[in-house]
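Report on the structure given below.
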Amino acid sequence: MVDASFSEYDGQLIDVVLAGVMKEQRESSGDFYPGAPGAVTIRFNLDDTGRVSEPQVMGHTLTEPLGQFFLNALQHGAPYGPWPDAVRSGYGAATRPVKMTFRYD
């Protein structure tokens, strides 16, 4: 069962990652146009200090470059905030797997 503190942390993490995606989009050379709705799913490990490791695109219904765009946005935003103390002490590991899906509608 996920601790309530992790739920709060995850909500904040999603907000920060999405802000990073929007920043990357604004700073891109105008190549960000999916053309159709779709999604990109990325898997990565997140450690208790907020560092991302082993990120990879697990699947997408967009283009390879857009999959890479979301992967880059995730990596450029790292490190993210450290886990709260209650989460760190209660989780039992210093790293956790995360799967995040970015949807474009």
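The figures that follow rest on heavy atoms only: side chains count, while hydrogens, waters and symmetry mates do not. From a predicted model like this one, the values you see are computed outputs, not experimental measurements.
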**Q.** Counterpart residues, side-chain hydrogen bond (donor to acceptor under 3.5 Å, both in side chains), relative to Arg103 (two or more places apart)
**A.** none
Q: Using the side chain to side chain contact (heavy atoms under 4.5 Å, CB included) rule, take Gln68 and Val57 through it: C-alpha gap first, then chi angles, then the decisive distance, then the call.
A: CA-CA 8 Å; Gln68 191 62 47; Val57 175; 5.6 Å; no
Q. Got a sec, which residues hit salt bridge (Lys or Arg N to Asp or Glu O under 4.0 Å) with Asp85, two or more places apart in sequence or on another chain?
A. Arg88
Q. Atom CZ of Phe6 and atom CZ of Arg96: how far apart are they, to the nearest 0.5 Å?
A. 3.5 Å
Q. What pairs with Ser53 under side-chain hydrogen bond (donor to acceptor under 3.5 Å, both in side chains), at least two apart in sequence or on another chain?
A. none
Q: Kindly indicate, with the supporting measurements, whether the criterion side chain to side chain contact (heavy atoms under 4.5 Å, CB included) is fulfilled by Thr101 and Val40.
A: CA-CA 6 Å; Thr101 299; Val40 173; over 6 Å; no
Q: For Pro55 and Leu74, work out which heavy atoms get closest and say how close.
A: CB-CD2, 4.3 Å
Q) Quick one: does Tyr80's side chain have a donor or acceptor within less than 3.5 Å of a partner on Gln12's backbone? A) no
Q. If every non-hydrogen atom of Tyr9 is compared with every non-hydrogen atom of Pro82, which pair is closest and at what distance?
A. CE1-O, 3.4 Å
(Q) Tell me the closest heavy-atom pair linking Gly20 and Ala73, and the distance in Å. (A) O-CB, 4.4 Å
Q. Between Trp83 and Asp47, which heavy-atom pair has the shortest distance, and what is it?
A. NE1-O, 3.2 Å
Q) So which heavy atom on Leu71 is nearest to which on Gln56, and how close? A) CD1-N, 3.8 Å
Q) Distance from Gln75 atom CD to Phe70 atom CZ, nearest 0.5 Å? A) 14.0 Å
(Q) Just so I know, are the side chains of Thr95 and Leu46 near enough to count as touching, which here means a heavy-atom distance under 4.5 Å? (A) no
(Q) Whether the side chain of Thr61 engages the backbone of Ala39 through a donor-acceptor N/O pair (distance < 3.5 Å, no angle test) should be reported. (A) yes
Q: Enter the distance from Asn72:CG to Glu24:CD here, rounded to the nearest 0.5 Å.
A: 7.0 Å
Q: State yes or no: do Val16 and Ile14 share one hydrophobic cluster built from I, L, V, M, F, W and Y residues joined by side-chain heavy-atom distances below 4.5 Å, directly or via other members?
A: yes
Q: First locate atom CE of Met100, then atom CG of Leu18, and finally report the distance between them rounded to the nearest 0.5 Å.
A: 7.5 Å
Q) To the nearest 0.5 Å, what is the distance between CG (Leu66) and CZ (Phe102)? A) 12.0 Å
Q.
Apply side chain to side chain contact (heavy atoms under 4.5 Å, CB included) to residues Arg43 and Asn45 and explain how you reach the verdict.
A. CA-CA 7 Å; Arg43 186 211 165 283; Asn45 291 321; 3.2 Å; yes
